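Fair warning: this is a prediction, and the values are worked out from it, not measured in the lab. First the proteins, then the strands, lettered A, B, ... as listed; each starts at 1.
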Protein chains: 2
Amino acid sequence: MKHDSFNESAEMYLKTVSELAVNEGPVPISALAGRLGVSTVSATEMVHRLQDHGLVEHQPYKGICLTECGYRQASEVIRSHRLWERFLADDLGLAWDEVHSLACRLEHATDPKVTEALDAYLGYPATCPHGNPIPRHHSTPSEPEDCPLTELRPGDSAVITRVHPESDELLEYLADLELVTGTYVSLFEVVPFNGPLVFKERERTVYLGLEAAALVFCKPVEEA
Amino acid sequence: MKHDSFNESAEMYLKTVSELAVNEGPVPISALAGRLGVSTVSATEMVHRLQDHGLVEHQPYKGICLTECGYRQASEVIRSHRLWERFLADDLGLAWDEVHSLACRLEHATDPKVTEALDAYLGYPATCPHGNPIPRHHSTPSEPEDCPLTELRPGDSAVITRVHPESDELLEYLADLELVTGTYVSLFEVVPFNGPLVFKERERTVYLGLEAAALVFCKPVEEA
DNA sequence: CCGGGTTTTCAGGTTAACCTTATCTTACAA
DNA sequence: TTGTAAGATAAGGTTAACCTGAAAACCCGG
Ligand SMILES: [Mn+2]
Ligand SMILES: [Mn+2]
Ligand SMILES: [Mn+2]
Ligand SMILES: [Mn+2]
């Protein structure tokens, strides 16, 4: 049973499966391939390799699930990723929408010893700068109680809590719109026929497409 | 002219050439291969690839030198390596003899932006925890004015300043003997026929083989 | 119950890094 | 000067990740 710390590629597959699996149920290989930017054939090959190593289970025409062991490895990578994001943003002062891709390289080069020490150094933060929880051993990952922006009704107000799943383009786009975690927004209207959500916020009007809004989570705020 | 930040393997070759080149003159491929733990044939292949990219120049039967461009890339990797070492040791509290190999993975996953920010965060330290200078743009790397332990004479006293080149086994060994940077030593005798150096230090007698001693540098201290 | 679209598999190909074994070349020391 | 060890090249092989193009298997809505 060699469970060697795996290489970058395999780690990205595991991490991605874990991220896509939050919407419950097995992840189709095509979704994996899409997110990783490889062909479905390549993804299939890799998934089979991972299956041979007991990290993943593939039910043809259904999708893939992480095994216990695969889940542990994915969590370790995600943990390291989010801790690095915190460090890069909070301590090194790098930009909110840059730290994701910077951490995505570091996460594969990080020994567990470093992860542990970093966690302590940062004071055991609860979330990454984009609001996603930092996995810890012994702690069951409690489901966050926020909802996507798309569930708001016109007139509702909310604070942005989380972006998931994270991607460079999305984070960059949100940063441009100044819709980062902690931002207070109130929904003005939803343009019909799958149009964007329109937010009004002190003098400012922001249009956010449905696709993006579905990935941004918030916690409603009582009206004053 | 694609000068893409290179992959781990190429970076290690460049870094190693740079390290072995301090003893002036072109580095034989066999030395490279030895340090990197690959066959000379593999090293030759890689050196040719690097030459095609204009990073290295190979004069058959003489050795290889870095080009201007190769030197710059090597320095960038070394810079990142030594800054990470400082962070891991000083801030995260990891052990003196562990940080080298931990940093050897991080160094290839570090964007220049991160390196710069890290340098500032650490307050622009001059050296890594093992005494080697941290390269900076604009600063010509001044030759350190220390000498190897092997140049001491019995009766001499000195402070350990530097270990070069660094390797896991050597650092671990030195840590065991408590011969780390900053340690005060005085040479008692040199055992003939290439025998070890014998140091006496408050109640403690330490034997250090010639091969190791040649890689440990010190600054002599005036006798009181 | 069947056909079209999704999903998977098959076949064949590429590239970077490695490897071994074997055959040159060259430098230099006796 | 010449023999030999060190260094370089040649030849052939492996593995992980990728790719394309095409065939086969499946699932589900009409
Ligand atoms: Mn990554
Ligand atoms: Mn994040
Ligand atoms: Mn390295
Ligand atoms: Mn060091």
Side-chain angles (χ1 to χ4, degrees), chain A residues 2-17 20-21 23 25-65 70 73-74 77 104-105 107-109, chain B residues 2-17 20-21 23-66 70 73-74 77 104-105 107-109:
Chain A
K2 298 219 302 198
H3 69 86
D4 279 319
S5 81
F6 243 112
N7 48 17
E8 178 155 347
S9 189
E11 285 182 356
M12 282 307 284
Y13 275 84
L14 294 178
K15 184 179 124 169
T16 306
V17 173
L20 297 180
N23 323 318
V27 177
I29 286 187
S30 55
L32 237 195
R35 206 120 212 287
L36 290 170
V38 301
S39 73
T40 61
V41 178
S42 297
T44 304
E45 251 181 33
M46 188 66 192
V47 163
H48 287 345
R49 256 194 297 267
L50 293 173
Q51 188 164 238
D52 292 344
H53 286 258
L55 297 166
V56 121
E57 203 161 326
H58 180 214
Q59 300 145 291
Y61 298 99
K62 291 295 184 61
I64 74 190
C65 302
Q73 292 202 22
V77 176
C104 193
R105 293 180 57 202
E107 66 191 354
H108 312 288
Chain B
K2 299 217 302 197
H3 68 86
D4 278 320
S5 80
F6 243 112
N7 48 20
E8 179 155 347
S9 190
E11 285 182 355
M12 283 306 283
Y13 275 85
L14 293 177
K15 186 181 124 169
T16 306
V17 173
L20 296 181
N23 324 316
E24 226 24 85
V27 177
I29 286 188
S30 55
L32 238 195
R35 254 205 132 232
L36 290 169
V38 301
S39 72
T40 61
V41 178
S42 297
T44 304
E45 251 181 33
M46 188 67 193
V47 163
H48 288 344
R49 256 194 297 267
L50 292 174
Q51 188 164 237
D52 293 344
H53 286 258
L55 297 167
V56 121
E57 204 162 325
H58 179 216
Q59 301 146 292
Y61 298 99
K62 291 294 185 61
I64 74 189
C65 302
L66 294 174
Q73 292 204 21
V77 176
C104 194
R105 293 180 57 201
E107 66 191 354
H108 312 289

Could you give the distance from SG (A:C104) to CD (A:E8), rounded to the nearest 0.5 Å?
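Atom-to-atom, A:C104:SG and A:E8:CD are 7.0 Å apart.
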Spatial distance of atom CD (B:Q73) from atom NZ (B:K15) [nearest 0.5 Å]:
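These two atoms lie 14.5 Å from each other.
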Does B:R35 use its side chain to pair, donor to acceptor, with the backbone of B:V17 at less than 3.5 Å?
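Checking the backbone N and O of B:V17 against the side chain of B:R35, no donor-acceptor pair under 3.5 Å is found.
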Going by the salt bridge (charged side-chain N to carboxylate O under 4.0 Å, His left out) test, which pairs reach into residues 53-65 of chain A, not counting sequence neighbours?
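Those involving residues 53-65 of chain A do not exist here.
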In whole Å, what is the span from the [atom1] atom of [X] to the [atom2] atom of [N]?
X	N	atom1	atom2	value
A:M12	D:dC18	CE	P	11 Å
B:I29	D:dA5	CD1	P	21 Å
B:E11	C:dA16	CD	C1'	15 Å
B:L50	C:dA17	CG	C1'	12 Å
A:L32	D:dC18	CG	P	12 Å

Which of residues 36-45 of chain B have a heavy atom under 4.0 Å from DNA chain C?
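Heavy-atom cutoff 4.0 Å gives B:G37, B:V38, B:S39, B:V41, B:S42, B:E45.
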Run the numbers on B:H108 and B:S9 for side chain to side chain contact (heavy atoms under 4.5 Å, CB included), then give the verdict.
CA-CA 9 Å; B:H108 312 289; B:S9 190; over 6 Å; no
Can you tell me if the side-chain N/O atoms of [X] get under 4.0 Å from OP1 or OP2 in [N]?
X	N	answer
B:H58	D:dA8	yes
A:S30	C:dT6	no
B:S9	C:dA16	no
B:H48	D:dT9	yes

Polar atoms only, N or O, under 3.5 Å: list the protein pairs with nucleotides 25-30 of chain D and their distances.
unit_1 : atom_1 : unit_2 : atom_2 : d
D:dA25 : N3     : A:Y61  : OH     : 3.0

Locate the shortest heavy-atom distance separating B:A31 from B:V27; write the atom from each residue and the value.
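B:A31 and B:V27 have their closest heavy atoms at CB-CG1, 4.3 Å.
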Which residue, B:L20, B:I29, B:L55, forms the side-chain contact (heavy atoms from CB on, under 4.5 Å) with B:I64?
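Only match with B:I64 under side-chain contact (heavy atoms from CB on, under 4.5 Å): B:I29.
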Report, one line per pair, each donor and acceptor closer than 3.5 Å where one atom sits in a side chain of residues 42-52 of chain A; sequence neighbours left out.
unit_1 : atom_1 : unit_2 : atom_2 : d
A:S42  : OG     : A:S39  : OG     : 3.0
A:T44  : OG1    : A:T40  : O      : 2.7
A:Q51  : OE1    : A:H58  : N      : 2.7

5'-most contact on DNA chain D: A:R49 or B:Q59, nearest heavy atom basis?
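Here B:Q59 is the residue nearer the 5' end.
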Check: B:E107 and B:M12 side chains under 4.5 Å, non-hydrogen atoms:
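Yes - at least one pair of side-chain heavy atoms lies under 4.5 Å apart.
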